[in-house]
2 protein chains.
Amino acid sequence: MLRLSPVPHYGYDGGVSTAPVRVAVLGSTGSIGRQALDVIQKLPERFTVVALAAGRNAPLLARQIAACRPLYAWAEADAPELRDAMASCGARWLGMDEMGLAPEVDVLLVGTAGAVGLQPTLAALNAGRPVAIANKEVLVMAGHLVRRAMLAGGGDLRPVDSEHSAIWQCLWGEERHEVRRILLTASGGAFRDLDLAALAAVTPEQALNHPTWKMGAKITVDSASLMNKGMETIEATWLFDVPMEKVEVVLHRESIVHSLVEFSDGSVKAQLGVPDMRLPIQCALAYPERMPVPPAPPLDLAAVGALHFGTPDVERFPCLRLAIESGRRGDTFPAVMAAADEVAVERFLAREIGFLDIAAVIEATLEKHEPLADADLEGVLAADTWARQVAARAAAGVAG
Amino acid sequence: MLRLSPVPHYGYDGGVSTAPVRVAVLGSTGSIGRQALDVIQKLPERFTVVALAAGRNAPLLARQIAACRPLYAWAEADAPELRDAMASCGARWLGMDEMGLAPEVDVLLVGTAGAVGLQPTLAALNAGRPVAIANKEVLVMAGHLVRRAMLAGGGDLRPVDSEHSAIWQCLWGEERHEVRRILLTASGGAFRDLDLAALAAVTPEQALNHPTWKMGAKITVDSASLMNKGMETIEATWLFDVPMEKVEVVLHRESIVHSLVEFSDGSVKAQLGVPDMRLPIQCALAYPERMPVPPAPPLDLAAVGALHFGTPDVERFPCLRLAIESGRRGDTFPAVMAAADEVAVERFLAREIGFLDIAAVIEATLEKHEPLADADLEGVLAADTWARQVAARAAAGVAG
């Protein structure tokens with residue numbers, strides 16, 4: 001009987017913590033990283049940056065180091081301006097895999113895209129550190145390894161994606177065995193109203209123009225193809241320990257309802273907000289508290305007026321079907337799907353293949369795959385490498 | 001740090017209880033009572049009825065006694081069929097005020113309308129017993145006494161109203177000091193689209209035709225005038241220990257989103273479901289568990305298609321304004337408002353006054369009231385009696 005009544009208090013009642021939460025930000029120059037720094041800098045008494053890591057945008061990383069004065073920093077490529085910025089604040093060089101282990105880090109934010117986030121995530125979780133995860137590929141490729149690391153280390157995994165953050169918040173105070181369905185909302189992407197013929201002809205420029213969210217190129221194309229939503233269904237199974245059969249996608253063009261959970265008694269909970277990644281980022285960093293100020297404009301439901309819902313069309317968006325099928329088949333299928341998608345999207349952005357060819361490349365790769373059950377990290381990375389090669393050949397075949 | 005992460009479990013994790021929950025149902029022949037018995041009878045391994053109390057519908061109560069075989073029963077008026085039914089199952093006569101105190105009762109469901117539910121509620125809460133409350137007047141009239149009894153006895157108060165149940169569910173696992181706003185949804189009632197001239201001319205038959213919910217006559221008229229929603233704002237302040245300033249009303253004609261809570265960080269949670277009172281009833285009786293089966297058809301959001309939201313018009317619905325003002329003024333104003341409303345609605349249903357005169361009668365009564373601060377039960381009941389007399393005169397003046 002631990003689920004407390006709302007009176008005299010609702011549940012968790014640990015009061016307000018006093019020391020600021022010390023955050024390590026991986027991928028600080030990307031979309032998630034930049035918004036995380038915005039959240040952190042607006043609440044200097046509650047958050048502080050202790051580590052920054054980024055890829056190739058050395059000028060921006062140097063400015064972030066100068067502004068945040070972290071203890072640790074890392075970049076994919078060395079650069080004089082980085083050395084200068086680090087020297088001026090005394091920051092030390094520390095590899096991404098070690099950042100979650102530093103004693104000064106309270107939470108590791110994994111805001112990198114792609115497989116590069118996997119090792120730091122596993123290392124931090126194995127050490128019992130909380131990880132706020134915005135990286136899709138980590139969970140899609142190696143959800144079973146992430147989950148195992150989390151259970152082994154006792155650390156917790158906090159979703160940063162707006163959809164998974166919504167589900168997470170809806171599950172606070174609830175029990176896993178009382179979850180009937182997880183309903184992931186999908187805006188439908190940039191091409192939700194196009195027919196198959198029009199979809200075949202879309203350009204990278206069109207695909208990069210997302211109706212609601214401003215994000216990186218890869219994820220914006222994945223949003224347009226609904227591959228992003230498909231990956232999110234797989235992520236949800238690992239984050240919330242539910243089978244694929246319990247995860248459904250519902251179209252919701254306004255992106256106000258970020259996702260819903262249906263419970264065993266038929267009650268449905270939803271989390272809503274303006275579409276702004278700073279809210280789920282802040283939520284993940286502040287957990288188990290909620291910060292006293294909104295990082296984004298508050299929601300005015302009466303001004304929004306109407307919220308629409310519908311069923312996604314897997315005929316027009318085969319990537320959604322492929323992702324769900326991969327998730328159901330499990331083993332290394334999701335890793336292969338994610339790798340093939342990365343290759344196919346690259347080729348699409350390079351104008352070598354068409355938009356609908358993305359799904360064709362993925363499907364051709366999946367068909368050739370011989371899955372590896374309960375793969376270790378090496379096995380997952382081998383499946384990833386294999387898939388990239390096969391997908392590249394499939395893409396070349398389409399392009400040729 | 002008690003607000004647990006979703007993995008390995010979400011929060012409350014007490015497992016499934018084995019013994020059925022023993023329920024006492026006050027007002028068993030009314031709308032809430034009948035639906036509660038439906039919920040209970042569909043899950044005989046999880047719920048059992050141990051006490052039934054009702055008003056004047058002796059034939060139905062006798063049939064309920066025969067079907068449920070409770071240990072205790074009570075009725076406003078004695079009747080031979082009741083005696084026969086009780087004798088056949090060995091049920092004993094027990095007053096409503098004692099029902100919540102019987103050792104065989106796990107939870108008291110207060111499904112009566114009006115002031116009659118007050119004493120049994122206070123008695124059960126003072127004894128530390130959980131009370132599932134569907135009675136509006138109890139909280140509107142004497143919310144401060146109910147809250148005090150709950151804190152004194154350590155019992156908990158579980159809302160049964162669909163709106164308050166929604167808020168309650170949204171608050172599980174949350175903290176009171178992190179609640180920014182409570183957003184009560186209102187269907188807008190039967191007359192949501194009528195202008196003032198049309199509202200002045202509506203008949204009792206029209207007022208009793210609620211677009212969504214099937215309920216008793218008084219509450220259906222209160223729904224049409226938005227007085228019901230106004231009372232719910234006052235109830236929310238007592239149930240969730242928030243000031244009136246934090247409670248807002250948002251129009252939502254589909255009655256699918258049953259209410260919402262906005263938190264300090266701007267995140268909004270909502271509870272949704274088909275409009276069916278059996279869900280909140282089951283939720284209140286099953287707490288802290290959720291039952292494994294839905295008592296009502298599940299929600300199909302894609303089939304619903306669209307959810308609409310708007311701002312209520314207090315010009316056309318002055319009862320909403322009067323209720324909110326009464327709640328803000330506090331003391332005995334809400335009790336006086338509720339009593340005056342009861343009188344005015346009676347007169348409206350008897351065709352003695354018009355629909356808009358309901359608000360006029362309440363306002364005239366409130367204007368004459370000299371409030372009593374921190375009234376005890378006697379003081380509240382005296383204010384109630386005073387208000388009925390003043391309202392009756394005001395209504396006679398309008399009718400004359």
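Naming: A, B, ... by sequence-line order, numbering from 1 per chain. Please read these numbers as outputs of a predicted model, since none were measured by experiment. Side chains included, hydrogens not; waters and symmetry mates left out as well; all remaining heavy atoms used.
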Rounding to 0.5 Å, atoms CD1 (B:Ile256) and CZ (A:Phe309) come to a distance of 10.5 Å
Neighbour count above 12 (heavy atom, 6.0 Å) for B:Glu245 CD: yes
Interatomic spacing from CZ in A:Phe263 to SG in B:Cys283 - rounded to 0.5 Å: 10.0 Å
Separation between CD of A:Gln271 and CG of B:Leu260, rounded to the nearest 0.5 Å: 11.0 Å
What part of A:Leu279 lies closer than 4.5 angstrom to a heavy atom of chain B: side chain, backbone, both or neither? side chain
Hey, could you give me the NE2/CG distance between A:His308 and B:Leu301, rounded to the nearest 0.5 Å? 12.5 Å
Side chain B:Lys269, main chain A:Lys269, donor-acceptor under 3.5 Å: no
Please classify the contact between A:Gln282 and chain B as side chain, backbone, both or neither, with a heavy-atom cut-off of under 4.5 Å. side chain
Residue selection (most heavy-atom pairs with chain A, distance under 4.5 Å) from B:Gly266, B:Gly154, B:Ser165: B:Gly266
Side chain to side chain contact (heavy atoms under 4.5 Å, CB included), paired with B:Arg290, selected from A:Glu175, A:Glu174, A:Arg180: A:Glu174
Chain B heavy atoms under 4.5 Å from A:Arg278: which part of the residue, side chain, backbone, both or neither? neither
Side chain from CB out, backbone as N, CA, C, O: work out which of these in A:Val293 comes under 4.5 Å of a heavy atom of chain B, or both, or neither. backbone
CG on A:Leu171 to CH2 on B:Trp172, rounded to 0.5 Å: 12.5 Å
Hey, could you give me the CD/OG distance between A:Glu289 and B:Ser264, rounded to the nearest 0.5 Å? 9.5 Å
Which bit of B:Ala296 is near chain A, if near means a heavy-atom gap under 4.5 Å: side chain, backbone, both or neither? neither
Max heavy-atom pairs within cutoff under 4.5 Å with chain A, candidates B:Ser267, B:Ala286, B:Cys170, B:Pro130, goes to B:Ser267
Whatever's closer than 4.5 Å to a heavy atom in chain B on A:Leu251 counts as neither
